[in-house]
Amino acid sequence: QVQLVESGGGLVQAGGSLRLSCAASGRTFSSYAMVMGWFRQVPGKEREFVAAISTWWTGGSSTNYADSVKGRFTISRDNAKNTVYLQMNSLKPEDTAVYYCAAEPRNISPTIVTEYNSWGQGTQVTVSS
């Protein structure tokens with residue numbers, strides 16, 4: 001019920017930065033809560049949690065980060081544009097993966113992949129050494 005359009009992936013050298021964007025449309029403003037997250041996946045591995053932001057129409061919000069990216073990645077949301085961003089700094093080769101945006105217009109546990117029902121198409125992030 002939520003449509004997601006991603007952008008911002010690409011090739012970057014180790015230590016560099018990228019910013020991913022995910023614009024949401026559809027059933028985004030009809031719920032009390034909206035959770036948007038970023039996951040990543042490499043071939044042969046499970047899709048893993050990266051970061052998430054939960055917002056409520058009362059104005060409250062919270063963020064979650066995987067330990068592997070904490071201090072380097074920052075998730076944010078522009079509610080007016082209904083867009084979530086993932087600012088990735090100090091990138092490492094091990095950050096190389098397909099990054100997926102996910103959304104769920106419910107108050108879910110944001111780090112659990114199976115909680116989300118809407119997904120973007122994925123965008124490749126490649127970090128060279």
Side-chain angles (χ1 to χ4, degrees):
Q1 295 181 358
V2 180
Q3 291 73 237
L4 304 173
V5 179
E6 300 170 319
S7 62
L11 174 65
V12 66
Q13 293 183 335
S17 299
L18 284 174
R19 189 181 76 159
L20 306 182
S21 300
C22 177
S25 62
R27 188 174 178 263
T28 58
F29 299 106
S30 60
S31 299
Y32 176 72
M34 181 67 168
V35 181
M36 299 186 70
W38 289 97
F39 294 76
R40 65 188 183 188
Q41 189 169 27
V42 298
K45 302 293 184 180
E46 296 279 351
R47 190 168 298 185
E48 69 171 352
F49 170 76
V50 176
I53 184 166
S54 304
T55 58
W56 293 267
W57 67 8
T58 55
S61 66
S62 64
T63 57
N64 298 84
Y65 295 95
D67 288 341
S68 60
V69 306
K70 193 171 297 182
R72 299 187 299 121
F73 291 9
T74 303
I75 190 169
S76 62
R77 180 174 179 174
D78 185 334
N79 289 324
K81 298 180 180 179
N82 206 21
T83 300
V84 66
Y85 304 95
L86 185 67
Q87 179 66 47
M88 304 185 294
N89 298 327
S90 302
L91 283 162
K92 305 174 181 179
E94 50 263 44
D95 294 318
T96 296
V98 176
Y99 283 70
Y100 296 91
C101 177
E104 184 65 24
R106 296 185 298 118
N107 187 25
I108 61 171
S109 297
T111 65
I112 301 176
V113 64
T114 55
E115 291 278 72
Y116 297 84
N117 289 305
S118 300
W119 293 87
Q121 79 285 353
T123 183
Q124 177 71 46
V125 172
T126 302
V127 183
S128 64
S129 60

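Computed over heavy atoms, backbone and side chain alike; hydrogens, waters and symmetry mates excluded.
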Participant: Hey, could you give me the CH2/OH distance between Trp38 and Tyr65, rounded to the nearest 0.5 Å?
Facilitator: 12.5 Å

Participant: What about Tyr85 and Val2, same hydrophobic cluster or not, with Ile/Leu/Val/Met/Phe/Trp/Tyr joined at side-chain heavy-atom distances under 4.5 Å?
Facilitator: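 No.
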
Participant: If you round to the nearest 0.5 Å, how far is OG1 of Thr83 from CE of Met36?
Facilitator: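 Here the interatomic distance stands at 7.5 Å.
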
Participant: Per the salt bridge (Lys or Arg N to Asp or Glu O under 4.0 Å) rule, what does the pair list look like for residues 117-129, sequence neighbours excluded?
Facilitator: none

Participant: Flag yes if Val50 and Leu4 sit in one hydrophobic cluster, no otherwise; membership is Ile, Leu, Val, Met, Phe, Trp, Tyr, and two members link when side-chain heavy atoms are under 4.5 Å apart.
Facilitator: yes

Participant: Considering only Ile, Leu, Val, Met, Phe, Trp and Tyr, and joining two whenever side-chain heavy atoms are under 4.5 Å apart, list the other residues clustered with Val35.
Facilitator: Phe39, Phe49, Val98, Tyr100, Ile108, Val113, Tyr116, Trp119

Participant: Out of curiosity, does Val69 fall in the hydrophobic cluster containing Ile75 (side-chain heavy atoms, cut-off under 4.5 Å, transitive links)?
Facilitator: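 The answer is yes; both residues are in one hydrophobic cluster.
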
Participant: Compare all side-chain heavy atoms of Asp95 with those of Met88 and state whether any distance is below 4.5 angstrom.
Facilitator: no

Participant: What residues form a side-chain contact (heavy atoms from CB on, under 4.5 Å) with Val42, not counting sequence neighbours?
Facilitator: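 Per chain and number, Val42 pairs via side-chain contact (heavy atoms from CB on, under 4.5 Å) with Lys45, Ala97.
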
Participant: Not counting sequence neighbours, which residues clear salt bridge (charged side-chain N to carboxylate O under 4.0 Å, His left out) with Glu48? List them please.
Facilitator: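 With neighbours one apart ignored, the set is Arg40.
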
Participant: Please identify each residue that fulfils side-chain contact (heavy atoms from CB on, under 4.5 Å) with Thr96, with sequence neighbours left out.
Facilitator: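 So Thr96 forms a side-chain contact (heavy atoms from CB on, under 4.5 Å) with Gln124, Thr126, Val127.
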
Participant: Does anything in residues 54-68 form a salt bridge (Lys or Arg N to Asp or Glu O under 4.0 Å)? List the pairs, not counting sequence neighbours.
Facilitator: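 Non-adjacent pairs meeting salt bridge (Lys or Arg N to Asp or Glu O under 4.0 Å): Asp67-Lys70.
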
Participant: Donor-acceptor pairs under 3.5 angstrom involving side-chain atoms of residues 12-24: please list them, not counting sequence neighbours.
Facilitator:
| from | atom 1 | to | atom 2 | distance (Å) |
| --- | --- | --- | --- | --- |
| Ser17 | OG | Asn89 | OD1 | 2.8 |

Participant: Which residues satisfy the side-chain contact (heavy atoms from CB on, under 4.5 Å) test with Thr58, sequence neighbours excluded?
Facilitator: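 side-chain contact (heavy atoms from CB on, under 4.5 Å) check on Thr58 returns Tyr32, Trp56.
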
Participant: Can you tell me how far the OG atom of Ser128 sits from the CG atom of Leu91, to the nearest 0.5 Å?
Facilitator: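 So the OG of Ser128 and the CG of Leu91 are separated by 10.0 Å.
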
Participant: Show me the pairs that pass salt bridge (Lys or Arg N to Asp or Glu O under 4.0 Å) and involve residues 115-124, at least two apart or across chains.
Facilitator: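 For residues 115-124: none.
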
Participant: Give, for atom CZ of Arg77 and atom CE of Met34, the distance between the pair rounded to the nearest 0.5 Å.
Facilitator: 5.5 Å

Participant: Please write out which residues are connected to Leu11 in a hydrophobic cluster, directly or through intermediates, given that two of Ile, Leu, Val, Met, Phe, Trp, Tyr count as joined at side-chain heavy-atom separations below 4.5 angstrom.
Facilitator: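 Joined to Leu11, directly or through intermediates: none.
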
Participant: Taking side chain to side chain donor-acceptor pair (under 3.5 Å) as the test, write out the residues that go with Glu6, two or more places apart.
Facilitator: none

Participant: Which heavy-atom pair separates Thr55 from Ser61 by the least distance, and what is that distance?
Facilitator: CG2-CB, 3.8 Å

